[in-house]
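Here's the structure we're looking at; comments come further down.
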Amino acid sequence: MTRINLNSLSMFDAAAQHGSFRRAAEALNLTQGAVAQQVRNLEKQTQTQLFHRLPQGLSLTEEGRSYHEAVSAALRQIETATQALEPATQTVTLSVPPSLASKWLVPRLAGFAEQHPEISLHIHASETRTDFAKDAVDIAIRQGPPPSLPQTHSEQWAPLNLVAVTHPSLPADLKTLAQIAAHPLIEDGHQRWKTLLEGNSLPYPNSVLSFNQTALAIDAAITGQGIALAPRLLVQDALDQGHLTVVWQPPPTAEAYHLIHPTSRHPHRQRVVEWLQQEVNPVPLRTQPT
């Protein structure tokens with residue numbers, strides 16, 4: 001009796017689903033050669049050609065299609081049985097920049113726990129590049145240009161949409177960058193005020209209140225210490241509560257927040273991704289009246 005390796009069956013199933021060794025390898029976080037070799041071994045063991053190798057991909061033979069129906073059903077049954085053995089609560093690790101964590105994510109975590117009691121969400125505050133193969137991270141949100149990482153899915157999660165904000169008691173009739181620069185400025189680690197002023201041939205003030213994190217710059221603006229430049233996502237709650245007002249908005253930037261995760265299957269991770277998308281989409285792009 002021929003004993004078939006379960007890994008070979010999984011790779012055969014992926015190749016049949018995706019119609020390509022390359023796309024199957026991406027989904028499984030393996031090399032294309034490894035998937036193709038396992039399928040060749042399976043064909044050798046069963047003495048059956050399972051695929052037609054075509055210039056644009058793969059096509060199941062008649063025998064392969066019949067075999068795939070049985071293999072796919074068996075693998076789904078094994079997956080269902082395995083999930084039944086898993087603990088009732090699954091941990092998903094979400095890595096986000098510290099300021100996004102404190103100003104946007106933390107106030108919403110109680111709502112996530114209420115919706116998904118089966119998931120224990122672990123928050124890792126970091127801005128460094130995530131290596132999903134080495135780091136114990138399931139999902140990452142990063143700020144900047146669109147990332148390009150192997151064997152990962154990335155999508156724009158929210159625009160950066162920078163706004164200049166200050167305490168409502170301070171002047172709010174500022175129309176130009178030069179008028180802004182005449183008031184106390186609050187800088188964060190991105191030094192966006194410096195980039196804007198120098199890019200417009202305006203002097204950078206000698207005295208600027210500077211912090212290494214955007215959340216601290218926002219807190220300083222809330223206490224009336226000057227004008228901070230921050231993503232609207234991070235200040236929207238303070239705007240809604242009347243703690244801040246928008247006094248100016250710079251031209252749009254190509255930077256954004258991006259949602260990144262491996263392409264491999266992970267049902268609990270997908271629930272977190274869907275929740276993040278639902279929570280960020282209703283954020284209105286409002287401006288405060290002057």
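None of these values were measured; they are calculated from a predicted model. FYI, side chains are in, hydrogens and waters are out, and symmetry mates aren't considered; it's all heavy atoms of this structure.
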Using distance alone, with no hydrogens and no angle criterion, decide if [X] and [Y] have a side-chain donor and acceptor under 3.5 Å apart.
| X | Y | answer |
| --- | --- | --- |
| Arg142 | Ser154 | no |
| Gln241 | Asp237 | no |
| Gln236 | Asp240 | yes |
| Glu155 | His153 | yes |
| Asn5 | Gln38 | no |
| Ser169 | His167 | yes |

Is the side chain of [X] donor-acceptor paired with the backbone N or O of [Y] at a distance under 3.5 Å, no angle test?
| X | Y | result |
| --- | --- | --- |
| Ser66 | Glu63 | no |
| Ser99 | Ala215 | yes |
| Arg269 | His261 | no |
| Trp104 | Leu233 | no |
| Ser120 | Thr91 | no |
| Thr130 | Phe132 | no |
| Gln179 | Lys175 | yes |
| Asp188 | Phe211 | no |

What verdict does the salt bridge (charged side-chain N to carboxylate O under 4.0 Å, His left out) test give for Lys194 and Glu198, after you've listed the backbone C-alpha separation in whole Å, the side-chain angles of each residue and the deciding distance to 0.1 Å? CA-CA 6 Å; Lys194 183 178 178 66; Glu198 292 181 349; 2.9 Å; yes

Atom pair CD1 (Ile180) and CG (Leu197), whose distance is rounded to the nearest 0.5 Å: 9.5 Å

Straight-line distance of Asn200 CG to Leu177 CG, nearest 0.5 Å: 5.5 Å

Are [X] and [Y] close enough that some pair of their side-chain heavy atoms sits under 4.5 Å apart?
| X | Y | answer |
| --- | --- | --- |
| Pro98 | Thr214 | no |
| Thr166 | Thr245 | yes |
| Val163 | Val247 | no |
| Leu229 | Leu196 | yes |
| Leu162 | Arg232 | no |
| Tyr257 | Gln156 | no |
| Val92 | His266 | yes |
| Leu209 | Glu187 | no |

Mind checking whether Tyr204 and Ile186 sit in one hydrophobic cluster, side chains of I, L, V, M, F, W, Y counted as touching below 4.5 Å? no

Should the pair Trp193 and Trp248 be assigned to parallel (<30°), tilted (30 to 60°) or perpendicular (>60°) ring geometry? parallel

Report the relative orientation of the aromatic rings in Phe112 and His116; use parallel for angles under 30°, tilted for 30 to 60°, perpendicular for over 60°. tilted

Begin from the C-alpha positions of His258 and Ile141 and carry the test side chain to side chain contact (heavy atoms under 4.5 Å, CB included) through to its verdict. CA-CA 5 Å; His258 297 274; Ile141 296 176; over 6 Å; no

Would you mind listing every salt bridge (charged side-chain N to carboxylate O under 4.0 Å, His left out) that reaches into residues 13-24, with sequence neighbours excluded? Asp13-Arg76, Arg22-Glu26

For Ala228 and Ala217, work out which heavy atoms get closest and say how close. CB-O, 3.8 Å

Can you run down the side-chain hydrogen bond (donor to acceptor under 3.5 Å, both in side chains) pairs that involve residues 47-56, sequence neighbours left out, and say none if there aren't any? Glu43-Arg53

Taking the six-membered ring for Trp, are His68 and Phe12 ring centroids under 6.0 Å apart? yes

Report the C-alpha separation of Glu255 and Arg192 in whole Å, then their side-chain angles, then the decisive distance to 0.1 Å, and conclude whether the salt bridge (charged side-chain N to carboxylate O under 4.0 Å, His left out) test is met. CA-CA 12 Å; Glu255 291 186 71; Arg192 300 190 190 280; 3.3 Å; yes

